[in-house]
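Working notes for the structure below.
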Amino acid sequence: MTPPGRRVAVVTGAAGGLGHAIATALHADGWSVLLTDLDPTAVAAAAAPLGGWSAALDVRDEGACAAVAASAAARGDLALWVNNAGVLTTGPSWEHDGPTRRRLFDVNALGAMNGTLAALAVMRGQGHGHVLNVVSLAGLIAAPGETVYAASKHALLAFSLGTLSDLRIAGYRRVHVSCLCPDGIWTPMLHDRLADPGAVASFTGSMLTAQRVAARAVRLAHRPRPVVSLPRWRGAQVRLLDALPRLALALTPLVQAVGRAGQRRQHRRSMPPDRR
């Protein structure tokens, strides 16, 4: 049982990849972490060395998110909720069928909204708390080849910042919403994308490790900020291009070339040393 008053954090999509890295970093920082994921067996195994606290969660289920928030609050002070669960589908938007588009928005946007609102229902009552939404640089600029994915992340960014403003208007000064926008992360989401022409945007900058992003998430948990990009220079770069759409379109061939080079570079890095 978590001691009364101990900081409790919920992390979605925590069975592996970035979610597990964030949960691990929070655990090392002294948090009691509830790891959640669609796969109950995988998340239970991931949680075992971190205190063994896990729950199956489909973020598309609003009621299930509310139940997880209540369970976390019953174990201590629900101080942090990390919406990390996400899915990626690449390719031109016209190649995505209706179910694919709905899945991207249901998980990446509506799922994070469900988690945010479930957490805020508890945090507003407490008078304090922090929702950290993992958005991606794709939430700051339209990423060619990842158009619908980027649209779902844009929706999450707008929802997060608007909700933060609504909280301030309503007088909640100690309830925070932050957006973490990392560059491409070398996790299973990208492991099979090294030859995918639709994923080149994810390989145009700094390929990050999950541990580096998780460390930034922990720092952000201690010092909330509305939007943080990682690395910072990439956030400035893509915001400039977003403000100059004609320039961004003109540079699309260059972006694709840089991304393909990044895919080749990452492929070499991921090969065994004796095969490089």
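Computed from heavy atoms alone, side chains included, the values below leave out hydrogens, waters and symmetry copies. All values derive from a computational prediction rather than experimental measurement.
Note that the OH atom of Y172 and the CG atom of L120 stand 9.5 Å from one another [nearest 0.5 Å]. To the nearest 0.5 Å, atoms CD (Q266) and CG (L190) are separated by 8.5 Å. Residue L38 holds its CG atom at 6.5 Å from CZ of R60, rounded to the nearest 0.5 Å. Here the CG-CG distance, from L156 to L161, works out to 9.0 Å after rounding to the nearest 0.5 Å. Atoms CG and OG, on L78 and S71 in that order, are 10.0 Å from each other to the nearest 0.5 Å. In this structure, CG in D183 is found 4.0 Å from CZ in R234, a value given to the nearest 0.5 Å.
More than 12 non-hydrogen atoms from other residues, nucleotides or ligands lie less than 6.0 angstrom from CZ of R173. Around CD of E62, the count of heavy atoms belonging to other residues, nucleotides or ligands within 6.0 Å does not exceed 12.
In summary, the side chains of T100 and D97 do present a donor paired with an acceptor at a separation below 3.5 Å, with no hydrogens or angles considered.
The closest side-chain heavy-atom distance from V227 to R239 is below 4.5 Å. Looking at R260 and R264, their side chains come closer than 4.5 Å, going by heavy atoms from C-beta outward. Residues F203 and D196 form no side-chain contact, since every pair of their non-hydrogen atoms from C-beta on lies 4.5 Å or further apart. Residues R212 and P231 meet the side-chain proximity criterion, which asks for heavy atoms closer than 4.5 Å. Residues R7 and D29 have side chains in contact (heavy-atom distance under 4.5 Å, counting atoms from C-beta outward). Looking only at side-chain heavy atoms (C-beta outward), V134 and V82 come within less than 4.5 Å of each other.
The two residues N83 and A112 have their closest heavy-atom pair at ND2-O, 3.3 Å. The two residues V135 and Y149 come nearest to each other via the heavy atoms O-OH, 4.5 Å. Between N108 and A85, the shortest heavy-atom distance links the atoms OD1-O, 4.4 Å. When all heavy atoms of A150 and A142 are compared, the closest pair comes out as CB-CA, 4.5 Å. Here the closest heavy-atom approach between residue V148 and residue S93 is recorded as CG2-CB, 4.0 Å. Taking each heavy atom of L80 and L132 in turn, the nearest pair found is CD1-CB, 4.2 Å.
When each of T24, V33, L18, L35 is tested with V11 by the rule side-chain contact (heavy atoms from CB on, under 4.5 Å), just one qualifies, namely V33.
Panel note: side chain N114, backbone V59; a donor-acceptor pair is recorded below 3.5 Å. Although no hydrogens or angles enter the test, the distance criterion places no donor-acceptor pair under 3.5 Å between the side chain of T147 and the main chain of P144. Panel note: side chain N84, backbone T12; a donor-acceptor pair is recorded below 3.5 Å. No donor-acceptor pair under 3.5 Å is formed between the side chain of H176 and the backbone N or O of H128. Remark: side-chain polar atoms of Q263 are paired, donor with acceptor, to backbone N or O of R193 under 3.5 angstrom.
By the criterion of side-chain heavy atoms lying less than 4.5 angstrom apart, applied directly or through intervening Ile, Leu, Val, Met, Phe, Trp or Tyr residues, I185 is not grouped with M189; the two fall into different hydrophobic clusters. A single hydrophobic cluster is seen to contain both V258 and L251, as judged by linkage of ILVMFWY side chains at heavy-atom distances under 4.5 Å, directly or through other members. Criterion: ILVMFWY side-chain heavy atoms under 4.5 Å apart, direct or through other members. Under it, L34 and W31 are not part of a common hydrophobic cluster. Hydrophobic clustering (side-chain heavy atoms under 4.5 Å, transitive across Ile, Leu, Val, Met, Phe, Trp, Tyr) keeps M207 apart from V213. L247 and L137 fall within the same hydrophobic cluster, defined by Ile, Leu, Val, Met, Phe, Trp and Tyr side-chain heavy atoms under 4.5 Å apart, directly or through other members.
The aromatic rings of H191 and W186 sit tilted, their planes meeting at an angle between 30° and 60°.
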### Query
Would V177 and N133 count as a side chain to side chain contact (heavy atoms under 4.5 Å, CB included) if you check the C-alpha gap in whole Å, the side-chain angles of each, and the deciding distance to 0.1 Å?
CA-CA 7 Å; V177 180; N133 289 327; 4.0 Å; yes
### Task
Apply side chain to side chain contact (heavy atoms under 4.5 Å, CB included) to S178 and V228, showing your working.
CA-CA 8 Å; S178 295; V228 170; over 6 Å; no
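Aromatic rings from W81 and H130 are positioned such that their centres are separated by 6.0 Å or more.
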